[in-house]
Amino acid sequence: MPKSRNASGHSATLSVPPEFGMLITLREFVRSESKRCGLSAAAIDQLSLAVDEAATNIIEHAVRGMPHAITCTCVIDDVGEALICTLDYESPMAFTPEATPKSDSIRARVGAMQRGGLGVYLVHTLVDSVEYSREGRRNRIVLTKRLNEP
Amino acid sequence: MPKSRNASGHSATLSVPPEFGMLITLREFVRSESKRCGLSAAAIDQLSLAVDEAATNIIEHAVRGMPHAITCTCVIDDVGEALICTLDYESPMAFTPEATPKSDSIRARVGAMQRGGLGVYLVHTLVDSVEYSREGRRNRIVLTKRLNEP
Amino acid sequence: MATESPARFSVREVETGEPGITLIELAGELDAHTAPDFEHFLERIVREEKRSKLILDFHNLEYISSAGLGVLMGLIEEVRAHSGDMKLAALPEKIFHVLDLLGFPVVFQIVPTVREAIQQFS
Amino acid sequence: MATESPARFSVREVETGEPGITLIELAGELDAHTAPDFEHFLERIVREEKRSKLILDFHNLEYISSAGLGVLMGLIEEVRAHSGDMKLAALPEKIFHVLDLLGFPVVFQIVPTVREAIQQFS
Ligand SMILES: Nc1ncnc2c1ncn2[C@@H]1O[C@H](COP(=O)(O)OP(=O)(O)O)[C@@H](O)[C@H]1O
Ligand SMILES: Nc1ncnc2c1ncn2[C@@H]1O[C@H](COP(=O)(O)OP(=O)(O)O)[C@@H](O)[C@H]1O
């Protein structure tokens with residue numbers, strides 16, 4: 001389980017209706033929060049793209065047209081080493097990708113000019129860790145991005 | 001009463017703990033939402049300053065140290081002519097400024113080098129209308145900014 | 001609800017003076033919300049107007065997600081089937097990074113400037 | 001909680017080469033959160049170090065709210081009581097607008113450039 005105290009009290013929470021038109025609002029929020037938390041410009045670009053891809057999938061495959069908001073929070077972890085960005089949404093079904101796509105299979109797919117299937121790979125590649133969990137009817141995707149790139 | 005349907009369904013909502021450190025997050029949210037809604041650069045500056053001043057007062061005079069978040073939404077009104085930005089917060093007391101400060105009295109105050117007392121004036125001067133209301137234990141401040149300046 | 005900003009993404013054709021070459025300029029943020037506009041625009045050019053020497057000028061593009069990349073993927077084979085190509089020109093570094101991560105340079109001609117893309121077609 | 005960005009507001013002294021003149025450079029966003037830093041900085045200069053010919057360089061200041069303006073208001077009389085002044089130089093247009101709206105130009109010397117502010121003191 002992600003440390004749920006990180007999603008509480010001392011951080012801002014954005015909630016958006018599950019519409020593609022809200023992706024820009026979500027990205028801007030992640031950008032401004034991760035800047036405030038001291039992420040580098042490159043890391044901000046990577047995290048905001050990862051969040052966009054994860055949220056695009058949530059909207060596309062899980063909740064589009066449903067009335068429930070997707071919420072997003074960004075906080076620094078307890079030891080001050082990483083930004084933890086959490087997406088939380090209500091959905092009738094759990095979701096955890098069976099296996100994270102590998103770089104080779106993505107390159108093969110792109111090389112064969114097959115459309116789609118890039119989102120989950122990007123999410124996992126652009127951040128340092130991704131955790132999926134479900135509590136009641138809510139799914140949570142937690143993306144962790146280290147403040148100091150290795 | 002402000003049109004409460006504007007604060008629902010189809011807009012993003014930001015909620016922040018009542019701390020001055022969250023003002024930048026709030027301003028960035030208002031900036032990105034009002035840009036998305038088509039406000040001019042000058043109007044974006046004015047609205048984000050007005051929201052900052054109103055929220056600074058909420059934190060300073062009403063809710064600092066309390067556990068309840070301040071929420072903010074920005075939506076276009078039903079006729080597409082103005083952006084409606086709503087601040088909503090729980091507070092033990094209602095708040096409506098007795099009289100909106102006049103330009104002359106503000107200038108006299110500044111001329112006499114008296115500190116403070118500029119926030120409410122700025123809020124009212126920078127937007128086209130300000131409405132205060134209370135429902136249960138929640139206060140609401142609704143700022144309206146026209147899309148096309150007169 | 002009139003919450004669309006006119007300015008967040010745009011795609012338009014720009015005159016090159018070179019007959020047979022179509023220059024398309026992208027600007028703003030290309031995501032799952034704006035990708036359909038981009039797709040309709042390109043489909044009209046490729047399917048209805050049967051143009052096949054395309055240069056996409058990325059210079060003013062600020063953001064791209066996989067939804068935008070999917071549009072390119074969806075049309076590249078069709079363009080090549082008409083003996084044409086779709087060259088990607090003037091990519092900002094952060095946009096190149098995303099394409100590079102996914103192996104796009106293997107499939108797409110990525111060219112430093114629009115001028116060079118035109119020369120390659122001529 | 002380590003949620004402070006080091007970069008959102010800064011205030012520092014810059015050498016002018018002119019004895020007796022103190023040049024202070026502001027950068028970033030000055031709001032109710034960052035105003036206390038600014039206030040402590042200025043109080044040290046005015047109260048502890050008793051310096052009174054101050055120029056504030058606003059060139060890199062991106063934002064100011066009434067909390068930041070309150071800091072200026074809180075010290076201007078003290079500076080003048082020591083036969084000095086606090087001149088505001090190189091204001092970005094949008095920051096000037098806010099000060100102008102509140103009648104600050106009646107109280108504060110607002111000068112186009114740091115160079116002119118130095119000349120006025122010399
Ligand atoms: N949040 C989610 N909820 C349900 N299914 C998802 C979610 N995210 C991804 N998926 C599933 O994983 C698949 C792969 O996603 P992705 O790599 O983004 O490619 P694409 O969306 O183009 O199919 C999707 O087709 C979908 O079936
Ligand atoms: N949201 C609020 N809740 C309670 N009181 C408020 C609120 N906003 C303003 N006030 C009151 O109005 C007064 C004037 O506010 P303002 O013009 O911002 O000046 P200042 O905050 O410097 O006193 C405040 O001192 C406070 O008493």
Side-chain angles (χ1 to χ4, degrees), chain A residues 16-28 30-31 39-64 70 101-127 149, chain C residues 1-10 27-39 42-43 46 61-81 85-86 88 91-110:
Chain A
V16 294
E19 298 162 9
F20 290 142
M22 289 288 151
L23 291 169
I24 196 167
T25 301
L26 186 59
R27 290 196 301 274
E28 292 286 322
V30 172
R31 293 188 157 280
L39 240 62
S40 70
I44 291 171
D45 287 340
Q46 290 164 348
L47 181 63
S48 60
L49 177 53
V51 171
D52 174 318
E53 295 290 345
T56 297
N57 276 340
I58 292 172
I59 297 168
E60 171 125 41
H61 302 296
V63 300
R64 184 151 48 166
I70 301 169
K102 295 269 171 297
S103 169
D104 286 352
S105 72
I106 287 294
R107 283 166 181 272
R109 197 185 168 88
V110 167
M113 297 185 235
Q114 280 186 281
R115 184 172 183 167
L118 305 176
V120 170
Y121 173 75
L122 277 175
V123 175
H124 285 260
T125 305
L126 294 167
V127 299
E149 283 104 300
Chain C
M1 210 66 131
T3 46
E4 302 302 320
S5 159
R8 54 172 296 195
F9 172 71
S10 72
E29 309 205 13
L30 182 50
D31 63 8
H33 184 59
T34 53
D37 283 352
F38 178 44
E39 184 150 33
L42 270 192
E43 280 177 353
V46 173
L61 194 69
E62 287 158 24
Y63 179 80
I64 195 164
S65 71
S66 68
L69 297 174
V71 175
L72 303 180
M73 266 317 180
L75 285 164
I76 182 70
E77 283 193 289
E78 221 164 310
V79 168
R80 297 225 171 114
D85 201 4
M86 179 152 56
L88 316 183
L91 274 69
E93 196 173 304
K94 66 181 180 182
I95 286 184
F96 176 75
H97 275 315
V98 179
L99 273 74
D100 194 36
L101 200 59
L102 297 168
F104 271 62
V106 171
V107 178
F108 288 88
Q109 286 264 335
I110 296 180

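Note on naming: letters A, B, ... go to the chains in the order of the sequence lines (proteins, then strands), and numbering restarts at 1 for each one.
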(request) Give the member of C:L69, C:V71, C:V106 that has the highest number of heavy-atom pairs under 4.5 Å with chain A. (result) C:V71
(request) Sort C:Y63 into side chain, backbone, both or neither according to what part of it lies under 4.5 angstrom from a heavy atom of chain A. (result) side chain
(message) Only pairs of heavy atoms separated by less than 4.5 Å count here; which of A:L118, A:L126, A:I59, A:T56 has the most with chain C?
(response) A:L118
(request) Heavy-atom distances under 4.5 Å only: say whether C:L72 touches chain A with side chain, backbone, both or neither. (result) neither
(message) Need one label for A:L122: side chain, backbone, both or neither, based on atoms under 4.5 Å from any heavy atom in chain C.
(response) side chain
(message) As an exercise, state the distance from CE of A:M22 to CG of C:D31, rounded to the nearest 0.5 Å.
(response) 12.0 Å
(request) Quick one: pull up CD in A:Q114 and CE in C:M73 and give me the separation to the nearest 0.5 Å. (result) 9.0 Å
(message) Looking at C:E29 and A:R31, is any side-chain nitrogen of the basic one under 4.0 Å from a carboxylate oxygen of the acidic one?
(response) no
(message) Are the side chains of C:F104 and A:V110 in contact, using a 4.5 Å heavy-atom criterion?
(response) yes
(request) Determine the option with the most heavy-atom pairs under 4.5 angstrom with chain A, choosing from C:I64, C:L101, C:T34. (result) C:L101
(request) Could you grab the distance from atom CG of C:L102 to atom OH of A:Y121, nearest 0.5 Å is fine? (result) 6.5 Å
(message) Please classify the contact of A:E60 with chain C as side chain, backbone, both or neither, using a heavy-atom distance under 4.5 Å.
(response) neither
(request) Using a cut-off of under 4.5 Å on heavy-atom pairs, state which of A:Q46, A:R27, A:E53, A:R109 scores highest against chain C. (result) A:R27
(request) Flag the one option from A:L23, A:I106, A:D52 with the top tally of heavy-atom pairs under 4.5 Å to chain C. (result) A:D52
(message) With heavy-atom distances below 4.5 Å as the criterion, would you say the side chains of A:I24 and C:H33 are in contact?
(response) no
(message) Shorter than 4.5 Å, heavy atoms on both sides: which option in C:G74, C:A32, C:G103 has the most such pairs with chain A?
(response) C:A32
(message) Is C:V98 close to chain A through its backbone or its side chain, or both, or neither, when contacts mean heavy atoms under 4.5 Å?
(response) side chain
